[in-house]
Amino acid sequence: MAERYWLMKSEPHVYSIQDLERDGSAPWTGVRNYEARNTMRDEMRKGDLVLFYHSSTTPPGVAGIARVSREAYPDFTALDESHSYFDPKSNPEAPRWYMVDVEFVERFPRVVPLSELREVPELQGMVLLKRMRLSVQPVTTEEFQVVVELGRKEA
DNA sequence: GCCAACGTTGGC
DNA sequence: GCCAACGTTGGC
């Protein structure tokens, strides 16, 4: 089966595409929303491609591409009392929160701003534009291709 | 820093 | 199981 496409949000001051480029791969820690968790746990497969979105920054937008390198496993930060992502309702016997690992694929020569995505007719159906707060979300093949094409254009 | 959108919690 | 109150996300 062909790989699927996703979009994942991160605040760049917490973890950016530059950080992923430096690290090579990273666990996607800290997702504490059930729908986003279910997507990671039940649907994301190794090899799927991910639009890496920078949120809570100026401008917010898509910064590059990552790839799922490890399928879902328990988010250890939820089980670590000393961690700011600790969740007392999670425990090792019944982990509440899951994550995947992603690896660096490509950093666009520019961030494609959210304001620009809103203007593109082919992208009007994007979950990103309809479900502002969902941090892990599906992207169609066409949407992925259109965004990548925009990202690879020099600013 | 404000605040709209919206997901989660908890009383009933 | 409803829904009001609350807390968080994230654009602006």
Side-chain angles (χ1 to χ4, degrees), chain A residues 4-23 26-44 48-68 72-102 104-140 142-144 146-153 155:
Chain A
R4 297 177 64 184
Y5 302 95
W6 309 98
L7 180 145
M8 298 174 92
K9 295 182 186 175
S10 182
E11 299 183 23
H13 73 271
V14 176
Y15 200 82
S16 68
I17 188 92
Q18 289 87 347
D19 293 326
L20 186 63
E21 183 168 22
R22 178 197 63 214
D23 296 341
W28 203 269
T29 57
V31 171
R32 298 292 180 267
N33 167 281
Y34 291 105
E35 188 174 353
R37 176 205 66 182
N38 293 347
T39 298
M40 289 197 294
R41 189 189 58 190
D42 304 336
E43 298 193 63
M44 295 179 88
D48 287 355
L49 293 174
V50 176
L51 295 174
F52 195 121
Y53 181 89
H54 283 175
S55 64
S56 295
T57 189
T58 306
V62 179
I65 304 173
R67 183 190 297 112
V68 177
Y73 61 109
D75 182 340
F76 57 82
T77 65
L79 305 169
D80 176 357
E81 251 182 273
S82 68
H83 202 284
S84 60
Y85 292 157
F86 176 64
D87 179 355
K89 293 181 202 154
S90 195
N91 67 76
E93 289 71 40
R96 173 175 297 219
W97 304 113
Y98 285 77
M99 62 191 178
V100 297
D101 286 357
V102 299
F104 178 79
V105 175
E106 175 177 340
R107 175 149 73 97
F108 295 151
R110 63 177 191 127
V111 171
V112 185
L114 176 62
S115 59
E116 185 174 333
L117 300 178
R118 289 191 197 283
E119 304 294 315
V120 180
E122 294 92 326
L123 301 181
Q124 292 313 297
M126 273 191 95
V127 175
L128 181 69
L129 305 185
K130 305 187 157 183
R131 305 276 315 279
M132 190 181 74
R133 294 182 49 180
L134 188 60
S135 65
V136 177
Q137 54 182 254
V139 172
T140 69
E142 187 194 11
E143 289 162 357
F144 185 86
V146 168
V147 173
V148 169
E149 195 172 316
L150 292 171
R152 285 176 180 159
K153 281 185 194 164

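By convention in this document, chain letters (A, B, ...) are assigned in the order of the sequence lines, proteins followed by strands, and residues within each chain are numbered from 1. Treat the numbers as computed from the prediction; the structure is a model and nothing was measured.
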J.: Would you call A:Arg110 and A:Glu116 a salt bridge, using N to O less than 4.0 angstrom?
T.: yes
J.: Looking at A:Tyr53, does any N or O in its side chain come under 4.0 Å of the phosphate oxygens OP1/OP2 on C:dG11?
T.: yes
J.: Picking from A:Arg32, A:Arg96, A:Arg37, what satisfies salt bridge (Lys or Arg N to Asp or Glu O under 4.0 Å) with A:Asp75?
T.: A:Arg32
J.: What verdict does the side chain to side chain contact (heavy atoms under 4.5 Å, CB included) test give for A:Trp28 and A:Asp101, after you've listed the backbone C-alpha separation in whole Å, the side-chain angles of each residue and the deciding distance to 0.1 Å?
T.: CA-CA 6 Å; A:Trp28 203 269; A:Asp101 286 357; over 6 Å; no
J.: Kindly write out the residues that satisfy side-chain contact (heavy atoms from CB on, under 4.5 Å) with A:Ala63, not counting sequence neighbours, or none if the list is empty.
T.: A:Ile17, A:His54, A:Val111
J.: Got a sec? Which of residues 124-135 of chain A come in under 4.0 Å of DNA chain C, heavy atoms?
T.: A:Met132, A:Arg133
J.: Checking contacts here: which listed nucleotide (C:dG10, B:dT8, C:dC12) is nearest the side-chain heavy atoms of A:Asn33?
T.: B:dT8
J.: Taking OH from A:Tyr34 and P from B:dT8, how many angstroms apart are they, rounded to a whole number?
T.: 7 Å
J.: Specify the separation, in whole Å, of atom NE2 of A:His54 and atom P of C:dG11.
T.: 12 Å
J.: What is the distance, to the nearest angstrom, from the CE atom on A:Met8 to the C1' atom on C:dT9?
T.: 16 Å
J.: In terms of side-chain heavy atoms, does A:Trp97 have a donor or acceptor partner in A:Asp87 at a distance below 3.5 Å?
T.: yes
J.: Nearest whole angstrom, please: distance from the C1' of B:dT8 to the CH2 of A:Trp97.
T.: 10 Å
J.: When rounded to the nearest 0.5 angstrom, what distance separates CZ in A:Phe104 from CZ in A:Arg22?
T.: 12.0 Å
J.: Round to the nearest Å and state the distance from A:Leu117 atom CG to C:dG11 atom P.
T.: 11 Å
J.: Atom NE2 of A:His13 to atom P of C:dG11: distance rounded to whole Å?
T.: 13 Å
J.: Is A:Lys9 close enough to C:dT9 that one of its side-chain N or O atoms is under 4.0 Å from OP1 or OP2 there?
T.: no
